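Below you'll find the structure, written out as structure tokens, and then a few comments.
Fair warning: this is a prediction, and the values are worked out from it, not measured in the lab. The basis for the numbers below is simple: all heavy atoms, side chains too, and nothing from hydrogens, waters or symmetry mates.
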Amino acid sequence: MSNPMNLAAKIRARRAQARTRRAVTRAIDAAATPALRHELMVIAQAQVNSLR
């Protein structure tokens, strides 16, 4: 059986990741220039790859 504390931690982590993804998406959508948009995409992709 799973530890309830572990389950709660997993839920909190998943919610934090979702908040981060939404914030990154908003930042990319609001980027002033295509170059800034591209740079944000590169940074976001690098963070995703470092988590794997």
Side-chain angles (χ1 to χ4, degrees):
M1 194 115 229
S2 291
N3 181 352
M5 295 292 284
N6 192 23
L7 179 62
K10 286 180 181 181
I11 291 171
R12 280 193 302 274
R14 184 169 291 184
R15 286 180 179 168
Q17 289 173 345
R19 278 193 304 273
T20 302
R21 279 194 306 272
R22 286 192 302 268
V24 169
T25 300
R26 281 193 303 269
I28 290 170
D29 290 342
T33 64
L36 179 58
R37 187 176 303 118
H38 183 263
E39 187 68 24
L40 289 169
M41 287 182 204
V42 169
I43 292 168
Q45 187 64 41
Q47 287 178 341
V48 168
N49 287 338
S50 69
L51 295 175
R52 291 181 182 174

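Note that CD of Q45 is 13.0 Å distant from CG of L40, once rounded to the nearest 0.5 Å. With values rounded to the nearest 0.5 angstrom, L7 atom CG is found 7.5 Å from K10 atom NZ.
A search for side-chain contact (heavy atoms from CB on, under 4.5 Å) contacts involving R37 returns I28, A31, P34, M41, not counting sequence neighbours.
Taking all atoms of both residues into account, the shortest heavy-atom contact from V24 to A44 is CG1-CB, 3.7 Å.
Taking Ile, Leu, Val, Met, Phe, Trp and Tyr as members and joining any whose side-chain heavy atoms lie under 4.5 Å apart, directly or through other members, V42 forms no hydrophobic cluster with any other residue. Residue I43 shares its hydrophobic cluster (ILVMFWY side chains chained together at separations under 4.5 Å) with no other residue.
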